[in-house]
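To start, the structure itself, in structure tokens.
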Amino acid sequence: GLGDVYKRQNVETVRESVYETAKLTTMVVFLLVGSTAFTLVFRGLYGAEWIQDLLTGLPGGKIGLLVVANLVVFFLGFFIDFFEIAFIVLPLIVPAAQELGITGDAMIWFGVMLAMNLQTSFLTPPFGFALFYLRSVTPAEIPTSTIYRGVLPFIGIQVIGLVLVIVFPELVTALL
């Protein structure tokens with residue numbers, strides 16, 4: 001691998017890589033266990049039904065759900081990462097979407113739309129996760145404000161793509 005090319009691979013670097021990988025994997029597994037426990041308790045206390053009734057009773061029906069789901073996912077994308085949203089929030093939104101008639105290919109479109117929305121959120125200042133990752137690998141002499149200005153065109157492209165996915169759902173399903 002690259003460690004061999006740059007002559008940096010040795011027993012210690014392999015050991016450190018294995019340790020860091022195991023640590024990260026353990027954190028993800030505990031996140032999944034915790035989110036599953038939360039979901040079980042939440043559903044046991046009829047929280048899922050309450051959320052479903054709330055979402056299906058929104059003004060505008062399907063459109064109301066799409067607006068609220070997109071706003072919630074976009075806002076949560078500022079503060080929590082994909083795993084928490086995928087394992088805690090989406091299981092609460094999907095039953096309401098299904099009850100309102102979003103099924104089959106439309107459910108695939110719904111998932112693509114929420115994923116693009118989340119991706120846009122990860123790029124959006126001031127809290128975007130992708131910006132923090134970028135900040136960590138950018139030289140210190142480059143100010144954070146420069147990074148924020150630099151991502152604006154990409155956010156614009158994301159928003160255009162998101163609008164196209166929302167306005168033309170048949171394009172998403174045709175590509176599948």
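Residue numbers start at 1 and run along the sequence shown. All values reported here derive from a predicted model rather than from experimental measurement.
A donor-acceptor pair under 3.5 Å is absent between the side-chain atoms of Ser121 and the main chain of Asn117, judged by distance alone. Between the side chain of Trp109 and the backbone N or O of Val165 there is at least one donor-acceptor pair closer than 3.5 Å.
Nearest heavy atom pair, residue Ile85 against residue Pro91, reads O-CD, 4.5 Å. Closest approach of Gly61 to Leu100, counting heavy atoms only: O-CD1, 3.8 Å. The shortest heavy-atom contact between Ile166 and Pro169 is O-CD, 3.6 Å. Considering every non-hydrogen atom in both Thr124 and Leu131, the closest pair reads C-CD1, 3.9 Å. Here the closest non-hydrogen pair linking Arg43 and Ala48 is CG-CB, 3.8 Å. Across all their heavy atoms, Met107 and Ile102 have their closest contact at CE-O, 3.0 Å.
With values rounded to the nearest 0.5 angstrom, Glu16 atom CD is found 10.0 Å from Thr21 atom OG1. Atom CG of Leu118 and atom CZ of Phe82 lie 7.5 Å apart (nearest 0.5 Å). In this structure, OH in Tyr133 is found 14.0 Å from OG1 in Thr138, a value given to the nearest 0.5 Å. How far CZ of Arg135 is from CD1 of Ile142: 7.0 Å, rounded to the nearest 0.5 Å. A distance of 10.5 Å separates CG in Leu76 from CZ in Phe78, rounded to the nearest 0.5 Å. Going from atom CH2 of Trp50 over to atom CG of Leu92 covers 10.5 Å, rounded to the nearest 0.5 Å.
Scanning for salt bridge (Lys or Arg N to Asp or Glu O under 4.0 Å) contacts around Glu12 gives Arg15, with sequence neighbours left out. For Glu141, there are no salt bridge (Lys or Arg N to Asp or Glu O under 4.0 Å) partners two or more places apart in sequence or in a different chain.
Few gaps surround CZ on Phe79; more than 12 heavy atoms of other groups in view lie less than 6.0 Å from it.
Sequence neighbours left out, the pairs with a member in residues 19-48 that pass ring pair (Phe, Tyr, Trp, His ring centres under 6.0 Å) are Phe38-Phe42.
By the criterion of side-chain heavy atoms lying less than 4.5 angstrom apart, applied directly or through intervening Ile, Leu, Val, Met, Phe, Trp or Tyr residues, Val11 is not grouped with Val14; the two fall into different hydrophobic clusters. Side-chain heavy atoms closer than 4.5 Å link hydrophobic residues (I, L, V, M, F, W, Y) into clusters, and following such links, even through other members, never connects Phe129 to Met27. Placement of Leu152 and Phe154 within a single hydrophobic cluster is found when ILVMFWY residues are connected by side-chain heavy-atom separations under 4.5 Å, directly or transitively. Grouping the Ile, Leu, Val, Met, Phe, Trp and Tyr side chains by contacts below 4.5 angstrom, directly or via other members, places Leu123 with Val137. Taken together through direct or relayed side-chain contacts under 4.5 Å among Ile, Leu, Val, Met, Phe, Trp and Tyr, Ile155 and Ile157 form parts of separate hydrophobic clusters.
Side-chain atoms of Phe87 and Leu32, non-hydrogen and from C-beta on, do get closer than 4.5 Å to each other. Within the 4.5 Å cutoff, the side chain of Glu49 has no heavy atoms near those of the Pro95 side chain.
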When you look at Val73 and Ile93, which way does the side-chain contact (heavy atoms from CB on, under 4.5 Å) test go after all the steps?
CA-CA 10 Å; Val73 166; Ile93 295 173; 4.2 Å; yes
What verdict does the side-chain contact (heavy atoms from CB on, under 4.5 Å) test give for Glu99 and Leu55, after you've listed the backbone C-alpha separation in whole Å, the side-chain angles of each residue and the deciding distance to 0.1 Å?
CA-CA 10 Å; Glu99 187 174 314; Leu55 292 174; over 6 Å; no
Would Ile88 and Ile80 count as a side-chain contact (heavy atoms from CB on, under 4.5 Å) if you check the C-alpha gap in whole Å, the side-chain angles of each, and the deciding distance to 0.1 Å?
CA-CA 11 Å; Ile88 296 174; Ile80 58 178; over 6 Å; no
Start with the C-alpha distance between Leu65 and Thr56, add both sets of side-chain angles, then the distance that settles side-chain contact (heavy atoms from CB on, under 4.5 Å), and finish with yes or no.
CA-CA 7 Å; Leu65 171 71; Thr56 55; over 6 Å; no
